[in-house]
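Below, chain A is the first sequence line, B the second, and so on; all start at residue 1.
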Amino acid sequence: LLYSGKDREKILDDLTETLLLSDVGIETTEKIIQSIRVHSEKTALFPEIKKILEKELVKTLSQYSSEVKPNTTPSVFMFVGVNGGGKTTTLAKLAHLFKKNGTEILLVAADTFRAAAQEQLVIWGKRLNCPVIKGQHGADPASVVYDAVQSFKARKADILLIDTGGRIHTNVNLMNELEKIRMIISREIENAPHEIYLVLDASIGRNALSQAREFLKFSGLTGIILTKLDGTAKGGSVISIVDELKLPIKYIGVGEREEDLFPFSAQEFVKALLS
Amino acid sequence: QLSERLQKAMKFLRGEGKITGKNMEEALKMMRMAFLEADVNYKVVKDFEAGIKEKALDEKVMQSLTPAQQVIKIIKDELTSLLGNEEKKLDLSGTPPSKFMLVGLQGSGKTTTCGKLGKLVSKQGKKPLFVSIDIKRPAAQDQLKIIAHNLNLAFYELSKEQMAKPTKAIKNAIEYARKQAFSPLIVDTAGRLHVDEELMEELKIVRDILQPNEVIYVGDAMTGQDAVKSAQVFEEKIGLTSIILTKLDGDARGGAALSIVSVTGKPIKFAGVGEKLDQLEVFHPDRMASRILG
Ligand SMILES: Nc1nc2c(ncn2[C@@H]2O[C@H](COP(=O)(O)OP(=O)(O)OP(=O)(O)O)[C@@H](O)[C@H]2O)c(=O)[nH]1
Ligand SMILES: Nc1nc2c(ncn2[C@@H]2O[C@H](COP(=O)(O)OP(=O)(O)OP(=O)(O)O)[C@@H](O)[C@H]2O)c(=O)[nH]1
Ligand SMILES: [Mg+2]
Ligand SMILES: [Mg+2]
């Protein structure tokens, strides 16, 4: 069986196509493939090269801790991201996950703008048996958060989960609003918010990186939750986010029910990405 | 204004002096990269490239004094014509009530877009009626009801029995619209995955009962490579008449537009450009082409 340089290039081309189709993006893909070219034997066959690629991707995605608080309470979590990514549903899923340990969890419906946004979280609160703090429709979200934080402190509750309205990351006013909310929280509770999660739809392409950059800049981020991985999207856009912004992926959303949330596993994610 | 990669391709061609089949191939490869960067689906790019190649490798282009300019013009024209050449109107034909059905993946903007369409047609003198058969998402009914209320437009409220059987709700809503002279009936559906066979089947049943003038696929402009998969399955299983692309007020290049049109063959009629109910624009193919290229 004669092996030629042409076969190797064909293998790398096939893997390039796989990565591109998974939304890894052209620049990140070129960088990864170049690294594979350097780190693989000239005579390596497809299975070996694919294994090297897997290891490389798992390494990139495991670099930053995926471990989640709350191992310290009180813990304040904020959920941010562009419109429709799954913030409200994901917050409910996390409440469900944390509730197993009998902790007191308060939910904050700080999206005072979108039609029925607060109602949506109120219904989840009833299902999960968690109190929901909301405000007047159209009120300043920052004031709802301020009131919620006071309530949280007064009740000595364990976990505060704050839902924010979806927003386009290039809307400076809305991004400033988010920064203001975060400042209020940090002023009222030491070290809070302990977690600020970017809730990202797995089907987003290259724009995911710009989104992550902007949210990191304005509200700060401690991690990413990738949603809708029960679809056919592979979520490859997170690789450039992890690589450039050093953010961990904490959880993945795989459905619309409260139990459809799992801690992120780099191995499983990469395996699905390359399948 | 063109993306860095396309500018590079132009510079490359200009710097080549004589244009040959070989360096044109190289320039087209750079174009391929530019399209991928704009989130156009990989396979759609390859098809598009094949369509361009013939025109680009034409003698007249290669002998022209400004071959790079010519190639870019061919790309832009081809892209614009693929995205749809003329403004497409909503189908409000036939015996009233006209019916629109909005479908698509979770979170793409269907409910909000229902509101925008209602506002648009009411400005054109129509009397729309909103109905939602999303009985699953928490407060989905409330969301459309509030939107209707804010627009001072009619909302068909589902009874307890109708909530249990949405297909019956559709029949009743049509009948109500007919009696009360509402048209169009704007039907909001629950977001669903194209790979959820049961839910896709449910949607097909609803479409068969509704016999809509428009089955509108509502797609998120920031979608990447997956845009083709979902649109294709909705087209195959449900049948679409048109597309609305949402969240174009963001800065995604929007290559999903080309992907969706290529794979469904259906026109994009409107663009969602914000959360407010007046933020719906007629889709401009030439502007979209520039956005994808730049
Ligand atoms: N299939 C699937 N659907 C999901 C997932 N997460 C959320 N969704 C659905 O996505 C849609 C949007 O979810 P929301 O929680 O309202 O999203 P959001 O980010 O809060 O939206 P805005 O507040 O309007 O910006 C809903 O239909 C959810 O059920 C997931 O992991 N898988
Ligand atoms: N910026 C922006 N946001 C939009 C646009 N269209 C819809 N949205 C927002 O996107 C989010 C999701 O919109 P919905 O109308 O709830 O989406 P949906 O498709 O009905 O969601 P499901 O019913 O859960 O599938 C909301 O926050 C909307 O305000 C748009 O054109 N631009
Ligand atoms: Mg929400
Ligand atoms: Mg909806």
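Of all residues in residues 81-91 of chain A, those placing a non-hydrogen atom less than 4.5 angstrom from a non-hydrogen atom of chain B are A:Val82, A:Asn83, A:Gly84. Scanning residues 110-120 of chain A against chain B with a 4.5 Å non-hydrogen threshold yields A:Phe113, A:Arg114, A:Ala115, A:Ala116, A:Glu119, A:Gln120, sorted by number. Within residues 137-147 of chain B, the residues having any heavy atom less than 4.5 Å from a heavy atom of chain A are, in residue-number order, B:Arg137, B:Pro138, B:Ala139, B:Asp142, B:Gln143, B:Ile146, B:Ile147. Contact residues of residues 124-143 of chain A toward chain B are A:Trp124, A:Arg127 (heavy-atom distance under 4.5 Å).
With a 4.5 Å cut-off on non-hydrogen atoms, A:Thr170 touches chain B through its side chain but not through its backbone. For B:Asp249, the parts lying under 4.5 angstrom from a heavy atom of chain A are both the backbone and the side chain. Only the side chain of B:Arg5 comes within contact range of chain A, judged by heavy atoms closer than 4.5 Å. Residue contact with chain A, scored on non-hydrogen atoms closer than 4.5 Å, involves the side chain of B:His194 exclusively. With a threshold of 4.5 angstrom between heavy atoms, B:Lys110 does not approach chain A through any atom at all. The part of B:Asn41 that comes within reach of chain A is its side chain, from C-beta onward, which places non-hydrogen atoms under 4.5 angstrom from that chain.
When the candidates A:Glu30, A:Gln211, A:Glu17, A:Glu27 are compared by the number of heavy-atom contacts under 4.5 Å with chain B, A:Glu17 comes out ahead. Annotation: maximal heavy-atom pairing with chain A below 4.5 Å, among B:Thr223, B:Thr111, B:Thr112, occurs at B:Thr223. Interface check for chain A: of the options B:Gln106, B:Met33, B:Lys43, the most heavy-atom pairs under 4.5 Å are formed by B:Gln106. Listed options A:Asp201, A:Val122, A:Thr232 were ranked by heavy-atom pairs under 4.5 angstrom with chain B; first place goes to A:Thr232.
Atom CG of A:Asn207 sits about 11.0 Å away from atom NZ of B:Lys247, to the nearest 0.5 Å. In this structure, the separation between NZ on B:Lys136 and CD on A:Glu256 is 3.5 Å, given to the nearest 0.5 Å. Taking CG from B:Leu193 and CG from A:Asp230, the interatomic distance works out to 5.0 Å, rounded to the nearest 0.5 Å. Once rounded to the nearest 0.5 Å, the distance linking CD1 of A:Ile26 with CG of B:Asp39 reads 11.5 Å. In this structure, the separation between OG on A:Ser210 and CE on B:Met222 is 10.5 Å, given to the nearest 0.5 Å.
With a 6.0 Å radius and a threshold of 12 heavy atoms from other residues, nucleotides or ligands, A:Glu179 has its CD atom above the threshold. Under a cut-off of 6.0 angstrom, the local environment of NZ in B:Lys237 is crowded, with over 12 non-hydrogen atoms contributed by other residues, nucleotides or ligands.
Within the 4.5 Å cutoff, the side chain of B:Asp251 has heavy atoms near those of the A:His169 side chain.
Counting all heavy atoms, side chain and backbone alike, B:Gly224 lies closest to A:Asp23 at CA-OD1, 3.4 Å.
Here the options are A:Thr18, A:Leu21, A:Thr16, the test is side-chain contact (heavy atoms from CB on, under 4.5 Å), and the partner is B:Tyr42; only A:Leu21 passes.
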